[in-house]
Amino acid sequence: KYGTLRTSLWMLAGSLVVTLPVSLGSIGRALGDPPSVAAWGSLVYSAVFGILIGNALWQRAAHERGARGTLVYLYLEPVGALVIAALFLGERL
C-alpha cells in the first residue's frame, strides 16, 4: 500500500529515534576521525541492497504468496546465515 521506499524510510526513522540518544558519544568521537570513503560506500551498499531491495523483494513475495507462504523463509534466514558464514568466513557451526 505504501511502497518499499516509504516503508523503509519510516523504519529507519523509527530506529534512529531509538538509537540516536544512546550513540551520541560514539558519534562525537567519530567526528574527530571521520570514516573513509570505503566505509561510506559500504554503508550505501548495505542500505540499498540490504534494506531497500531486500524489503522490496520480501513485500513482493508476501503480496504474491501470502504471509503463510513467506513465513517459512523467515525461519530459514538464520540457518542460511550460519551456512554462508561457515562456507565463506570459516566460522564454526
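Values in this document were obtained by computation on a predicted structure and should not be read as measured data.
In this structure, CD on Glu77 lies 7.5 Å from CH2 on Trp58, to the nearest 0.5 angstrom. From Gln59, atom CD reaches atom OG1 of Thr70 across 11.0 Å, with rounding to the nearest 0.5 Å. The CG atom of Leu9 sits 11.5 Å away from atom CG of Leu16, with the distance rounded to the nearest 0.5 Å.
In terms of heavy-atom proximity, Leu31 sits nearest to Pro34 at O-CD, 4.0 Å. Ala39 and Pro35 get closest at one heavy-atom pair: CB-CB, 3.9 Å.
Listed by first and then second residue, the side chain to side chain donor-acceptor pair (under 3.5 Å) pairs involving residues 22-34 are Ser26-Arg29 (not counting sequence neighbours). Counting only residues at least two apart or in different chains, side chain to side chain donor-acceptor pair (under 3.5 Å) contacts with residues 47-56 comprise Ser8-Asn55.
By the 4.5 Å heavy-atom criterion applied to side chains, Leu89 and Ile84 are not counted as neighbours.
Taking hydrophobic clusters as Ile, Leu, Val, Met, Phe, Trp and Tyr residues chained together by side-chain heavy-atom distances below 4.5 Å, Leu74 shares a cluster with Val72. Residues Leu57 and Val48 fall within the same hydrophobic cluster, defined by Ile, Leu, Val, Met, Phe, Trp and Tyr side chains chained together at heavy-atom separations under 4.5 Å.
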Exercise for the section: Could you check Leu82 against Glu91 for side chain to side chain contact (heavy atoms under 4.5 Å, CB included), going step by step and ending with a plain yes or no? Expected result: CA-CA 8 Å; Leu82 285 172; Glu91 297 285 337; over 6 Å; no

Handout entry: CA sep, side-chain torsions, deciding dist, call: Ile27, Leu20, side chain to side chain contact (heavy atoms under 4.5 Å, CB included)
Key = CA-CA 9 Å; Ile27 292 171; Leu20 187 62; 3.7 Å; yes

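In Trp10, the CH2 atom is not crowded: 12 or fewer heavy atoms of neighbouring residues, nucleotides or ligands sit closer than 6.0 Å.
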